[in-house]
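Residue numbers count from 1 along this sequence. What's counted below: heavy atoms across the whole structure, side chains too, no hydrogens, waters or symmetry copies.
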Amino acid sequence: MIPWVQLDSARTPDGAQELRLKRRGDEFSIMLGTNELMNSRLSGSEEALARLSCKQIAGRKRPSILIGGLGMGFTLRAALAALDRDAAVTVAELVPAVVAWARGPMSGIFDGCLDDPRVTLRETDVGQLIRAETTAWDAILLDVDNGPEGIVYQGNDTLYSAAGLAAARAALKPGGVLAVWSQGPDGGFTRRLKQAGFAVEEINTRANGKRGARHVIWIATNQA
């Protein structure tokens, strides 16, 4: 058995916890304490987040996509594969070390997607970008923390609050999509989405194709 080797660590934005990047052979893991946040061999549900979102906005000219959370780039790569060359994709990542890992130890996984001319990478809070403009995005994809019930950074909870959802809806173009990844179901979040005025579809998916943990994706359409 090949042992895990820790490559680097970084504090969460509030400084309260530590993220650790680990490698075992060609497998990577990002850990928070004893919780594995992501693994390079488990990409299915993050890729589904992108595919489902891009399907909803198919046919739009020069679509603008905002992705909250870089992670291991699964959602970004799947979005780029689904979108035409006229798309613009902005990725917001709050932890600078995650960006450094993407360009450093995990560059093979990212396979140059950060250099795609359609991509703009911002080291900032995705909430700030959501609040910065109205009717700006065709789709907003959130793979932030563990979903509405976060464990990494308490500030992320604002994204999933009533105020955060109202801001997301205002930031979307008519018919635009807010897509949210979660480690598990959350009935309260589904209700908040509907109360915010979204048409909501809740989709169960697997961490790795037909296998692995069950995750949830919400596809919430702005009916304005």
Can you tell me how far the [atom1] atom of [X] sits from the [atom2] atom of [Y], to the nearest 0.5 Å?
X: S182; Y: L142; atom1: OG; atom2: CG; result: 11.5 Å
X: L172; Y: Q223; atom1: CG; atom2: CD; result: 12.0 Å
X: F110; Y: L70; atom1: CZ; atom2: CG; result: 4.0 Å
X: E47; Y: L42; atom1: CD; atom2: CG; result: 10.5 Å
X: E18; Y: L32; atom1: CD; atom2: CG; result: 9.0 Å
X: I140; Y: L129; atom1: CD1; atom2: CG; result: 9.5 Å

Common cluster, I109/W4, ILVMFWY with side-chain heavy-atom separation under 4.5 Å |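 No.
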
Is M31 linked to M106 within one hydrophobic cluster, defined over Ile, Leu, Val, Met, Phe, Trp and Tyr using a side-chain heavy-atom separation of less than 4.5 Å?
->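 The answer is no; the residues belong to distinct hydrophobic clusters.
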
Grab the two heavy atoms, one from [X] and one from [Y], that are nearest each other, plus how far apart they are.
X: L94; Y: D125; value: CD1-N, 3.7 Å
X: R41; Y: N39; value: N-OD1, 2.8 Å
X: T12; Y: A16; value: OG1-N, 3.6 Å
X: S40; Y: D26; value: OG-O, 4.1 Å
X: K173; Y: A136; value: CE-O, 3.7 Å
X: P148; Y: V180; value: CD-CG1, 4.5 Å

Any side-chain heavy-atom pair of [X] and [Y] under 4.5 Å:
X: T205; Y: L52; result: no
X: L165; Y: F189; result: yes
X: V216; Y: N204; result: yes
X: L76; Y: E46; result: no
X: R122; Y: E93; result: no
X: V99; Y: L114; result: no
X: P185; Y: R214; result: no
X: R118; Y: I65; result: no

Quick one: does N35's side chain have a donor or acceptor within less than 3.5 Å of a partner on L37's backbone?
-> no

Under 3.5 Å, is there a donor-acceptor pair between the side chain of R192 and the main chain of Y160?
-> yes

R103 and D115: CA distance, side-chain angles, deciding distance, salt bridge (Lys or Arg N to Asp or Glu O under 4.0 Å) verdict = CA-CA 10 Å; R103 295 195 181 280; D115 299 318; 3.7 Å; yes

Residues two or more places apart in sequence or in another chain: which of them pass side chain to side chain donor-acceptor pair (under 3.5 Å) with D84?
->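 D84: no side chain to side chain donor-acceptor pair (under 3.5 Å) contacts found.
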
Please identify each residue that fulfils side-chain contact (heavy atoms from CB on, under 4.5 Å) with A97, with sequence neighbours left out.
->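 Listed in chain order: A10, V95, W101.
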
Identify, with sequence neighbours excluded, every residue that meets side-chain contact (heavy atoms from CB on, under 4.5 Å) alongside L7.
->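 L7 satisfies side-chain contact (heavy atoms from CB on, under 4.5 Å) with V5, L21, R23, F28, P105 only.
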
Between Q6, E36, R24, which is the residue that forms a side-chain hydrogen bond (donor to acceptor under 3.5 Å, both in side chains) with S29?
->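 Single pass found, and it is E36.
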
Does any donor atom in the side chain of S45 or W181 lie under 3.5 Å from an acceptor atom in the other side chain?
->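 Result is yes, a qualifying pair exists.
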
Of L193, N222, L66, which meets side chain to side chain contact (heavy atoms under 4.5 Å, CB included) against L178?
-> L193

